[in-house]
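Every chain is numbered from 1 and lettered A, B, ... according to where its sequence line falls, protein lines coming before strand lines. Keep in mind that this is a model prediction, so the values were computed, not measured.
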Protein chains: 2
Amino acid sequence: MAGAETGTPRERYRAQVRDEIKRQAWEQIATAGASALSLNAIARRIGMSGPALYRYFAGRDELITELVRDAYRDLADTLRARAADGADLAGLAHALRGWALEDPQRYLLLYGTPVPGYEAPPDTVETASAIMTVLLDVAAAERPPTTTAASLDAHLAGHRSWAREHEAPPPVLSHALVFWTRLHGVLSLELAGHFTDMGFDPAELYTAEARALTGR
Amino acid sequence: MAGAETGTPRERYRAQVRDEIKRQAWEQIATAGASALSLNAIARRIGMSGPALYRYFAGRDELITELVRDAYRDLADTLRARAADGADLAGLAHALRGWALEDPQRYLLLYGTPVPGYEAPPDTVETASAIMTVLLDVAAAERPPTTTAASLDAHLAGHRSWAREHEAPPPVLSHALVFWTRLHGVLSLELAGHFTDMGFDPAELYTAEARALTGR
DNA sequence: GAAGGTCGGTGATAGCCTCTCACCAGACGT
DNA sequence: ACGTCTGGTGAGAGGCTATCACCGACCTTC
């Protein structure tokens, strides 16, 4: 959400207001969820009246798109930074959970139920796959676990377009994929509150899954 | 959605209209998602005007609650029926995916991002745990896999309130739990459309996970 | 069979939302 | 100093949830 310090005063002002709008939007999302995002409410809080926001964003969808973009970028950066620090998959798993718990609604905005009429623009899909690239990089650096599924590997060998030009062999592909889906399974149920009345600690389940994934 | 055939004509009529409302609601949810559910639109389609629906449901939330209740019951019944037919965990996994794909929005209504201000009433939580009971029953009948996580088992041994009075030993508890979260991980990402541009078949991933869970 | 209560439906209305429009003022570039 | 472009405004269309007063038709009870 870096408000560019460069450009004409007009441009600086514009960037500043856009950032303020996004700040308020995140605040509102964090408390009430993405589907409760109201441009009117944001405008009211900022101190301008309704339609003014349309000078900055074409509409609710464009604002949400922008937030999704920022969130993807932030998650990708977070994971990449950990990977650059030499983290293994277990480290990434820990970072992922930390990022999600830091702002649950932000995680759900990316990986939860899609907003009704909303269609993800191509460039957000691009950033989303950048996250997979980080996973693949780190997974490739580790010895894939022995518990690999032969038929899935065979399928992925022929359907690896999502891995872009990544050189990883099929077992690494499936390992990264399963890493993602298993951790998301625990995380999303936890964030959606499905564990709240069950009386156990989701963290225990999560770390157990992370450990099973990374072979202790 | 059984419209009770009993009672006074008034009661029969009332049940009939309630069912018609719910039918239209499901139709609308199936196409546009739960958050796009509009009482006005339902009324229009049924042929009555707006506020009439409030004679049948206290509001949008109560209607959604009713739908959630029905969906939980339907899923529980489906899984129970399979279990009664002697299905193992692999069979339940298959049934779960079939049920989810049959009406993706229905699955997401139960396990997706919670609707903003909506709080699940106690009795739906009850039905949700009935589903866990089915999983525990079937899991207990199978030899738990060797790949059990000791620390998770230890934790669950002391935090098993969610299993009600189920006698299953900790490895079965963790097995059922992991069964749920792993399959949900794949399913929810698939239904939310996160695999659509990735070029592989989610079914392959799902069955691989189901197989890994049930030890081939 | 008439009287009265209850139930299901209606239009009007308040208050929220998104988004468009015409208009205006002030800042900016020339 | 003047025109243009930008950012702000109020009004308003059309959608939503939800409440209200009202009314007609049915059902019960006498």
Side-chain angles (χ1 to χ4, degrees), chain A residues 3-4 6-25 27-29 31-68 109 114-119, chain B residues 3-4 6-25 27-29 31-68 109 114-119:
Chain A
T6 64
T8 70
R10 270 240 164 106
E11 280 168 342
R12 270 191 304 165
Y13 177 72
R14 186 175 179 78
Q16 199 175 320
V17 174
R18 272 182 73 101
D19 280 4
E20 174 65 11
I21 293 172
K22 290 208 258 175
R23 228 179 45 82
Q24 290 289 346
E27 209 165 290
Q28 208 169 315
I29 284 181
T31 62
S35 49
L37 217 187
S38 153
L39 293 190
N40 265 338
I42 293 174
R44 224 177 295 124
R45 280 210 188 180
I46 284 186
M48 2 190 212
S49 234
L53 290 208
Y54 288 81
R55 298 290 181 190
Y56 296 91
F57 295 93
R60 214 184 91 112
D61 275 16
E62 197 186 280
L63 175 56
I64 290 183
T65 296
E66 193 72 15
L67 299 177
V68 167
L109 178 64
V115 194
Y118 178 77
E119 189 84 20
Chain B
T6 64
T8 71
R10 271 235 165 113
E11 280 169 342
R12 270 191 305 164
Y13 177 74
R14 185 174 180 79
Q16 200 175 318
V17 175
R18 272 181 73 100
D19 279 3
E20 174 65 11
I21 293 171
K22 290 207 258 175
R23 229 179 44 81
Q24 290 289 346
E27 208 164 291
Q28 208 169 315
I29 284 181
T31 62
S35 49
L37 218 187
S38 153
L39 293 190
N40 264 338
I42 293 174
R44 223 177 295 123
R45 280 210 184 181
I46 283 186
M48 6 189 208
S49 236
L53 290 209
Y54 289 82
R55 299 290 182 191
Y56 297 91
F57 294 93
R60 215 183 90 112
D61 275 16
E62 197 186 280
L63 174 56
I64 289 183
T65 296
E66 193 72 15
L67 299 177
V68 167
L109 178 64
V115 193
Y118 178 77
E119 189 84 21

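At least one side-chain nitrogen or oxygen of B/S38 sits closer than 4.0 Å to the OP1 or OP2 atom of D/dT17. Side-chain nitrogen and oxygen atoms of B/N40 include at least one within less than 4.0 Å of the OP1 or OP2 phosphate oxygen of D/dT17. Residue B/R10 places none of its side-chain N or O atoms closer than 4.0 Å to OP1 or OP2 of D/dC26. Contact annotation: B/Y13 side-chain N/O to D/dA25 OP1/OP2 distance is not under 4.0 Å. Between B/S49 and C/dG11, a side-chain N or O to OP1/OP2 separation shorter than 4.0 Å is present. Remark: B/Y56 is in phosphate contact with C/dG9, judged by side-chain N or O atoms under 4.0 Å from OP1 or OP2. Phosphate proximity of C/dG8 to B/R18: absent, as no side-chain N or O sits under 4.0 Å from OP1 or OP2.
Following rounding to the nearest Å, B/R14 (CZ) and D/dC26 (C1') show an atom-to-atom distance of 15 Å. Going from atom CZ of B/R12 over to atom C1' of D/dC27 covers 15 Å, rounded to whole Å. Look at CD on B/Q28: it is 14 Å from P on D/dG15, rounded to the nearest Å. Here D/dA18 presents its P atom at 11 Å from CG of B/L37, a figure rounded to the nearest Å. A/L63 has its CG atom 10 Å from the P atom of C/dC19, to the nearest Å. Look at CD1 on B/I21: it is 11 Å from P on C/dG8, rounded to the nearest Å. Atom C1' of nucleotide D/dC16 and atom CD1 of B/I64 are separated by 13 Å, given to the nearest angstrom. Atom CZ of B/R55 is separated from atom P of D/dC20 by 11 Å (rounded to the nearest Å).
Using modelled atom types, one side-chain atom of A/R60 and one backbone atom of A/L37 make a donor-acceptor pair closer than 3.5 Å.
By the side chain to side chain contact (heavy atoms under 4.5 Å, CB included) test, B/R10 pairs with B/T8, sequence neighbours left out.
Within the nucleic acid shown, B/I42 has no heavy atom closer than 4.0 Å to any nucleic acid atom.
The one candidate from A/I42, A/V17, A/N40 that meets the side chain to side chain contact (heavy atoms under 4.5 Å, CB included) condition with A/L53 is A/I42.
Between A/Y54 and A/L39 the shortest side-chain heavy-atom distance falls below 4.5 Å.
Heavy-atom distances to DNA chain C give each of A/A41 and A/P51 a nearest nucleotide, and the one nearer the 5′ end belongs to A/A41. If B/Y54 and B/T8 are placed on DNA chain D by their nearest nucleotide, the residue sitting closer to the 5' end is B/Y54. Nearest-nucleotide mapping onto DNA chain D: of B/G59 and A/A52, the residue sitting toward the 5' end is A/A52.
Here the side chain of B/R60 is nearest to one of C/dT20, D/dA18, C/dT10, namely D/dA18.
Here the closest heavy-atom approach between residue A/R14 and residue A/R55 is recorded as NH2-O, 2.8 Å.
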